[in-house]
A.B. asks: 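For reference, the structure I am asking about is given below.
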Amino acid sequence: KKAKFPFVKTLTEFDFTVQTSVSEKRIRDLISRSFYRDGHNILLLGPPGVGKTHLAVAIALEAIDQGETALFIRSDEFIEAAKEAVEHNQIKKFLRQYARPTVLIMDEIGYAPFDATSAQILFQVVSKRYEEGSLIITSNKSYSEWGDMLGSTVLATAILDRLLHHSSVFNIRGDSYRLKEKIQAGVVP
Ligand code: ADP
Ligand code: MG
């Protein structure tokens with residue numbers, strides 16, 4: 001039951017009436033059919049502040065409620081950890097760690113670029129988990145930008161191919177919820 005979430009926010013705390021580009025039913029259907037069982041992945045795509053991380057955490061919490069394990073890692077932390085594992089000759093241990101949890105959240109993929117080594121390691125993690133574990137990925141990048149992000153179009157294609165084979169993609173639109181809260185509080189005019 002390991003999880004290092006940035007915050008604990010549930011599905012009931014998510015206001016679907018202000019975020020109309022996400023179907024609550026689609027999310028709830030995934031949870032009620034235990035999406036992770038057949039290695040189904042969830043991609044939450046969209047600009048900053050639209051609720052991607054909130055939803056990722058909330059879905060993982062539901063899986064934990066169903067008795068599963070979940071691990072949360074921000075993409076830049078993953079890159080750092082991968083580098084460290086290489087330096088310390090602990091790649092096998094690293095891969096095992098990221099293969100183990102039923103649900104792996106990779107948050108904010110795209111903000112930090114991958115170097116060649118960490119891109120390779122990401123490919124290995126995705127391959128190892130393919131059809132066995134579930135990945136929840138949040139990103140502000142479109143698929144066409146994954147090549148630049150990973151420093152290789154070939155690798156990006158191979159990763160996306162596996163990720164998307166069994167997946168539900170949510171293209172989330174709208175204004176930042178953070179900004180909305182600030183505007184309401186009168187902090188931002
Ligand atoms: P993103 O990961 O897309 O940048 P977050 O999930 O971190 O955005 O959301 C930013 C903040 O706004 C969080 O505190 C989150 O709980 C809140 N938030 C975003 N959308 C909603 C929503 N529809 N209902 C309730 N809270 C929301
Ligand atoms: Mg986020």
Side-chain angles (χ1 to χ4, degrees), residues 2-32 35-36 40-65 68-82 98 101-114 118-119 122 125-126 129 133-146 148-150 156 159-160 163-164 167-189:
K2 204 165 115 209
K4 206 177 55 180
F5 298 150
F7 48 66
V8 172
K9 296 224 172 152
T10 62
L11 219 48
T12 48
E13 289 173 86
F14 194 84
D15 189 349
F16 286 93
T17 64
V18 300
Q19 184 39 270
T20 50
S21 66
V22 183
S23 152
E24 178 171 10
K25 182 178 183 301
R26 235 183 119 202
I27 300 261
R28 294 221 178 258
D29 281 350
L30 283 167
I31 291 160
S32 63
F35 66 95
Y36 45 79
H40 196 84
N41 300 318
I42 297 175
L43 280 86
L44 303 160
L45 311 176
V50 292
K52 301 183 298 298
T53 303
H54 184 142
L55 284 172
V57 167
I59 295 166
L61 287 175
E62 295 285 339
I64 289 171
D65 256 4
E68 302 300 327
T69 53
L71 179 65
F72 182 102
I73 185 97
R74 236 178 37 220
S75 164
D76 59 321
E77 293 168 343
F78 177 87
I79 293 168
E80 278 310 307
Y98 286 94
T102 313
V103 175
L104 175 64
I105 302 176
M106 180 87 64
D107 194 34
E108 288 188 2
I109 207 164
Y111 278 101
F114 284 67
S118 44
L122 176 67
V125 167
V126 170
R129 297 185 63 83
S134 193
L135 265 157
I136 302 178
I137 288 185
T138 80
S139 185
N140 63 331
K141 291 271 189 286
S142 62
Y143 302 137
S144 60
E145 294 171 287
W146 279 51
D148 280 342
M149 170 179 107
L150 296 167
I159 290 174
L160 280 171
L163 274 182
L164 296 175
S167 68
S168 298
V169 180
F170 293 84
N171 285 301
I172 312 179
R173 292 178 301 273
D175 299 324
S176 167
Y177 193 87
R178 295 186 191 99
L179 214 54
K180 211 170 342 216
E181 278 181 327
K182 289 212 173 103
I183 290 167
Q184 268 162 13
V187 181
V188 179

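When a ligand or atom number is given, it counts from 1 through the structure's own listing order.
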A.B. asks: Students should be able to answer this: which protein heavy-atom is nearest to atom 24 (N) of ligand 1, and at what distance?
C.D. replies: D15 N, 2.8 Å
A.B. asks: Could you pull out, from K9, H54, Q19, R178, the option with a heavy atom nearest to atom 14 (O) of ligand 1?
C.D. replies: K9
A.B. asks: For a 4.5 angstrom cut-off between non-hydrogen side-chain atoms, does R26 reach F170?
C.D. replies: yes
A.B. asks: Do me a favour and list the nearest non-hydrogen protein atom to atom 21 (C) of ligand 1 with residue, atom name and distance?
C.D. replies: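 The closest one turns out to be Y177 CD1, 3.4 Å.
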A.B. asks: Using a heavy-atom cut-off of under 4.0 Å, does the side chain or the backbone of E13 touch ligand 1, or both, or neither?
C.D. replies: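 E13 to ligand 1: backbone contact only, side chain stays beyond 4.0 Å.
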A.B. asks: Measure up the F72 and F5 rings against each other and bin them: parallel (under 30°), tilted (30 to 60°), perpendicular (over 60°).
C.D. replies: perpendicular
A.B. asks: With a 4.5 Å limit on heavy-atom distance, are the side chains of Q19 and V50 in contact?
C.D. replies: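 Yes; the side chains approach each other to less than 4.5 Å.
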A.B. asks: Answer with side chain, backbone, both or neither: which part of V18 has a heavy atom less than 4.0 angstrom from an atom of ligand 1?
C.D. replies: side chain
A.B. asks: Is G51 in polar range of ligand 1, meaning some N or O pair under 3.5 Å apart?
C.D. replies: yes
A.B. asks: Does the S32 side chain pair with the main chain of R28, one donor and one acceptor, at a distance under 3.5 Å?
C.D. replies: yes
A.B. asks: Taking the side chain as every heavy atom from C-beta outward, state whether L11 and F16 have any pair of such atoms under 4.5 Å apart.
C.D. replies: yes
A.B. asks: Are the side chain of K9 and the backbone N or O of V57 linked by a donor-acceptor pair below 3.5 Å?
C.D. replies: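 Answer holds: no.
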A.B. asks: Does S134 use its side chain to pair, donor to acceptor, with the backbone of H40 at less than 3.5 Å?
C.D. replies: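 Yes; judged by distance alone, with no hydrogens or angles, the pair exists.
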A.B. asks: Considering the heavy atoms of P48, write down every atom of ligand 1 situated less than 4.0 Å from one of them.
C.D. replies: 4 (O)
A.B. asks: Would you say G49 and ligand 1 have an N/O pair spaced under 3.5 Å apart?
C.D. replies: yes
A.B. asks: Look at the N, O or S atoms of T53, main chain and side chain alike, and state whether any lies under 2.8 Å from the Mg ion (ligand 2).
C.D. replies: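 For T53, the answer is yes, given that an N, O or S atom comes within less than 2.8 Å of the Mg ion (ligand 2).
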